[in-house]
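Worksheet for the structure shown next.
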Amino acid sequence: MTLHQRTLGTTSSLTVSALGLGCMGMSEFYGRGDEGEAVATIHRALDLGVTFLDTADMYGPFTNEQLVGKAIAGRRDEVQLATKFGNERRPDGTRVGINGRPEYVRTACDASLQRLGVDHIDLYYQHRVDRTVPIEETVGAMKELVEAGKVRHLGLSEASPETIRRGHAVHPITALQTEYSLFTRDLEDEILPTIRELGIGLVPYSPLGRGILTGAITSEDSLDPDDSRRSAYFPRLNGEGLRANLRLVDAVRSLAEQKGCTPGQLALAWVLSQGDAGLGVVPIPGTKRVKYLEENAAAADVVLSADDLAALEAAVPRDAVVGERYGDMSTIDS
């Protein structure tokens, strides 16, 4: 199989594979990683046509960009490469805070280029909005990177409609990256209409609800002891929140059995179906294993009818999910 492609953005458009690969968990947060398996997963992704790769400087920190750079060496021309800046960390992992200062934008980009071993980044995101720095200043510095040829397209992550409008006025924003899945639909109220109006694509991260929609998580013990999803930072995956949300997953599993696919494939197909002529939608499910990559890629072949979509949305009502998506939502621009 080879995935078809989709276009993000209209004013500054970027054509990518219809499904991307989130590389974060290969280096941090979701339990122990294995570099060999991670590189094999990226190579298999490229072979399948999953060529839109997503990383960030803070993953590791820094080591995920190095891993991705190693994996794509010799195959750079096949890849649409996205990375992010703004969540500043020290090499020992200490979190410094959100940084959108222009001078930091420039130094962060140069450091990412070096770690990735490339001469340009296809899509460069501000990872989180720095409320102490006007977005016009941050995007202005990002615009300079485009003019210098270091970056081809600009993106924002977890930005509010007002921030998106202000940033887009400085330089066209190609894509907004934010959480979107059957379990997270609040952006449908204001954010989706805004980016449709402005001609900005959508890159949903955690389109599988951090794995719960695959059906593989059945209790906290399903996760490795050092998996961050076991922490209070993810209330949907702990305690009563997890127990309540697993009942919703059971409903998705039942529909998937009727459809002849896995729960995760059905959930990804739902996200893929949210795009239209005015909104390119390209989810980036993350995995560090070849078998899950292959399962996710096959979701592109799952065709959902209007009745299928209605059944899914009835099985998982928009407000039925228990718990906030983060235990601390203070870094989300709203």
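What's counted below: heavy atoms across the whole structure, side chains too, no hydrogens, waters or symmetry copies.
Judged by distance alone, the side chains of E65 and S112 do bring a donor and an acceptor atom under 3.5 Å apart. Side chains of D328 and S330: a donor on one and an acceptor on the other come within 3.5 Å. With no hydrogens or angles considered, no side-chain donor-acceptor pair links S157 and Q126 at under 3.5 Å. Judged purely by distance below 3.5 Å, without hydrogens or angles, the side chains of T184 and R236 pair a donor atom with an acceptor atom. Between the side chains of S305 and D308, at least one donor-acceptor pair of N or O atoms lies under 3.5 Å. For the 3.5 Å distance criterion, the side chains of D301 and Q265 fail to qualify, holding no donor opposite an acceptor. Side-chain atoms of E158 and Y205 include a donor-acceptor pair closer than 3.5 Å. Between the side chains of S334 and S160, no donor-acceptor pair is found at a separation under 3.5 Å.
Around atom CZ of R152, no more than 12 heavy atoms belonging to other residues, nucleotides or ligands sit under 6.0 Å away. Atom CD of Q114 has 12 or fewer heavy atoms from other residues, nucleotides or ligands within 6.0 Å. Within a 6.0 Å sphere centred on CD of E190, heavy atoms belonging to other residues, nucleotides or ligands number 12 at most. Remark: Y292 OH is loosely packed, at most 12 non-hydrogen atoms of other residues, nucleotides or ligands lying under 6.0 Å away.
Taking 4.0 Å as the cut-off between side-chain N and carboxylate O, E179 and R210 count as a salt-bridged pair. Salt bridge D250/R247: absent, no basic N to carboxylate O contact under 4.0 Å. With respect to D333 and R128, no salt bridge is recorded, no charged nitrogen being found less than 4.0 Å from a carboxylate O. In this structure, R318 does not pair ionically with E313, as no charged nitrogen and carboxylate oxygen lie closer than 4.0 Å.
The distance from atom CG of D186 to atom CG of L192, rounded to the nearest 0.5 Å, is 9.5 Å. Going from atom CG of L81 over to atom OG1 of T55 covers 8.0 Å, rounded to the nearest 0.5 Å. Atom CD of E88 sits about 10.0 Å away from atom CG of D130, to the nearest 0.5 Å. Note that NE2 of H127 is 8.5 Å distant from CG of D57, once rounded to the nearest 0.5 Å. Taking CG of L3 as the start and CZ of F52 as the end, the distance is 13.0 Å to the nearest 0.5 Å. From H171, atom NE2 reaches atom NE2 of H153 across 9.0 Å, with rounding to the nearest 0.5 Å.
Judged purely by atom type and a 3.5 angstrom limit, S13 has no side-chain atom pairing as donor or acceptor with the backbone of L8. With hydrogens and angles disregarded, no donor-acceptor distance shorter than 3.5 Å links the side chain of D224 to the backbone of D226. A donor-acceptor pair under 3.5 Å links the side-chain atoms of S222 to the main chain of S219, judged by distance alone. No side-chain donor-acceptor contact under 3.5 Å links T163 to the backbone of A159. Remark: side-chain polar atoms of D227 are not paired, donor with acceptor, to backbone N or O of R230 under 3.5 angstrom. With hydrogens and angles disregarded, no donor-acceptor distance shorter than 3.5 Å links the side chain of R90 to the backbone of T94. Between the side chain of N64 and the main chain of C23, a donor-acceptor pair closer than 3.5 Å is present. In terms of modelled atom types and a separation under 3.5 Å, the side chain of N245 and the main chain of G241 share a donor-acceptor contact. Judged purely by atom type and a 3.5 angstrom limit, E295 has no side-chain atom pairing as donor or acceptor with the backbone of K291. Side chain of N238 to backbone of R229: a donor-acceptor contact under 3.5 angstrom is found.
For the pair A315 and L248, the tightest heavy-atom approach, listed with the atom from each and the gap, is O-CD2, 3.8 Å. Listed here is the closest heavy atom pair of A244 and V322: CB-CG2, 3.6 Å. Across all their heavy atoms, V151 and C109 have their closest contact at CG2-SG, 3.9 Å. For the residue pair S17 and V282, the shortest heavy atom distance occurs at O-CG1, 3.2 Å. Contact detail for V79 and D122: the closest heavy-atom pair is O-OD2, 3.4 Å. Pairing each heavy atom of S27 with each of L67, the nearest pair is OG-CD1, 4.2 Å.
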Worked verdict on T174 versus Y124 for side-chain contact (heavy atoms from CB on, under 4.5 Å): CA-CA 10 Å; T174 294; Y124 198 42; over 6 Å; no
Evaluation steps, salt bridge (charged side-chain N to carboxylate O under 4.0 Å, His left out), between R115 and D110: CA-CA 9 Å; R115 285 188 293 267; D110 287 343; over 6 Å; no
Intermediate values then yes/no, side-chain contact (heavy atoms from CB on, under 4.5 Å), E136 and R166: CA-CA 7 Å; E136 291 83 359; R166 289 167 54 197; 2.8 Å; yes
Derivation of the salt bridge (charged side-chain N to carboxylate O under 4.0 Å, His left out) call for E197 and R165: CA-CA 10 Å; E197 173 194 337; R165 288 185 183 280; 2.7 Å; yes
Residue pair Q80, T51: steps toward the side-chain hydrogen bond (donor to acceptor under 3.5 Å, both in side chains) verdict: CA-CA 6 Å; Q80 301 90 50; T51 54; 2.8 Å; yes
Candidate pair E294 and R44, rule salt bridge (charged side-chain N to carboxylate O under 4.0 Å, His left out), full reasoning: CA-CA 8 Å; E294 292 175 341; R44 181 61 175 149; 2.8 Å; yes
Stepwise side-chain contact (heavy atoms from CB on, under 4.5 Å) check, L21 with I284: CA-CA 5 Å; L21 174 61; I284 50 168; over 6 Å; no
Chi angles and distances behind the side-chain contact (heavy atoms from CB on, under 4.5 Å) call for K150, I121: CA-CA 6 Å; K150 297 178 179 181; I121 295 162; over 6 Å; no
Verdict with supporting geometry, K84 and D54, salt bridge (charged side-chain N to carboxylate O under 4.0 Å, His left out): CA-CA 9 Å; K84 302 179 281 293; D54 183 90; 2.6 Å; yes
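Legend: residues meeting side-chain contact (heavy atoms from CB on, under 4.5 Å) with P204, ordered by chain and number and at least two apart, are Y180, L202, V271, V281, P283.
Both L46 and L293 sit in one connected hydrophobic cluster of ILVMFWY residues. Membership requires side-chain heavy atoms under 4.5 Å apart, directly or through other members. Residues I332 and I191 are members of one and the same hydrophobic cluster, defined by side-chain heavy-atom contacts under 4.5 angstrom among Ile, Leu, Val, Met, Phe, Trp and Tyr. Connection of Y125 to V129 is not established within any shared hydrophobic cluster, with ILVMFWY side chains joined at heavy-atom distances below 4.5 Å, either directly or through further cluster members. I98 and M142 fall into different hydrophobic clusters, defined by Ile, Leu, Val, Met, Phe, Trp and Tyr side-chain heavy atoms under 4.5 Å apart, directly or through other members. No continuous path of ILVMFWY side-chain contacts below 4.5 Å connects V105 to V133, so the two sit in separate hydrophobic clusters.
Under a 4.5 Å side-chain heavy-atom cut-off, the cluster of Ile, Leu, Val, Met, Phe, Trp and Tyr residues that includes M24 is completed by F29, Y30, M58, Y59.
V139 is not listed as a side-chain neighbour of H168, based on a closest heavy-atom distance of 4.5 Å or more.
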